[in-house]
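Read the structure below first, then the notes.
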Amino acid sequence: MSANILMGEGLALMALGMGFVFVFLTVLVIVTTLMSKAIGRFFHEPPAPTVTGNRRPPTPRQDDDVMVAITAAVHRYRRRHHR
């Protein structure tokens, strides 16, 4: 008989704990959403800087040089560490 009472109290405590966690997480999501909207309204993000014509994308030759350097470094590392 006492095992049934103990089991019932355990289930009630579990339901109470799960309910508390559910309510806490729901409130957390709501508060986070409201804070995000408030910050977005009062603190506008500065515009992204415009890119001038001074920079150009790397040429394929530069990419090849980087690949050769990486390959040489990996080969040297493996040779030194016997892998």
Side-chain angles (χ1 to χ4, degrees):
M1 183 76 172
S2 66
N4 289 337
I5 294 173
L6 190 59
M7 185 64 84
E9 288 180 2
L11 290 174
L13 185 61
M14 180 187 70
L16 181 67
M18 290 175 67
F20 179 76
V21 169
F22 178 77
V23 169
F24 173 77
L25 291 176
T26 304
V27 170
L28 183 67
V29 168
I30 292 169
V31 169
T32 303
T33 303
L34 291 175
M35 284 176 34
S36 177
K37 288 182 180 180
I39 289 174
R41 178 179 293 173
F42 296 117
F43 300 102
H44 298 288
E45 188 173 321
T50 57
V51 178
T52 59
N54 297 343
R55 299 182 113 195
R56 60 179 185 207
T59 62
R61 176 72 184 138
Q62 290 173 338
D63 290 342
D64 291 342
D65 291 342
V66 171
M67 185 61 73
V68 168
I70 291 172
T71 303
V74 168
H75 179 68
R76 187 175 189 183
Y77 174 83
R78 288 182 177 169
R79 189 178 61 216
R80 285 187 178 177
H81 292 85
H82 302 293
R83 288 193 178 211

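Count residues from 1 along the sequence. In this text, all values refer to a predicted model and were calculated from it rather than measured experimentally.
- Applying the side chain to side chain contact (heavy atoms under 4.5 Å, CB included) rule to Arg41 yields no partners; only residues at least two apart in sequence or on another chain are considered.
- Through direct or relayed side-chain contacts under 4.5 Å between Ile, Leu, Val, Met, Phe, Trp and Tyr, Ile30 connects to Leu34.
- With sequence neighbours excluded, no residue forms a side chain to side chain contact (heavy atoms under 4.5 Å, CB included) with Ser36.
- Contacts of Leu11 classified as side chain to side chain contact (heavy atoms under 4.5 Å, CB included), with partners at least two apart in sequence or in another chain: Met7, Met14.
- As a member of the Ile/Leu/Val/Met/Phe/Trp/Tyr network built from side-chain separations under 4.5 Å, Leu28 groups with Val21, Phe24, Leu25.
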Stepwise side chain to side chain contact (heavy atoms under 4.5 Å, CB included) check, Val74 with Arg78: CA-CA 6 Å; Val74 168; Arg78 288 182 177 169; 3.8 Å; yes

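- Residue Phe20 belongs to no hydrophobic cluster, having no ILVMFWY side-chain heavy atom closer than 4.5 Å to its own.
- Residue Met35 is found in a hydrophobic cluster whose other members, listed by chain and number, are Val23, Val27, Val31; membership requires side-chain heavy atoms under 4.5 Å apart, directly or through intermediates.
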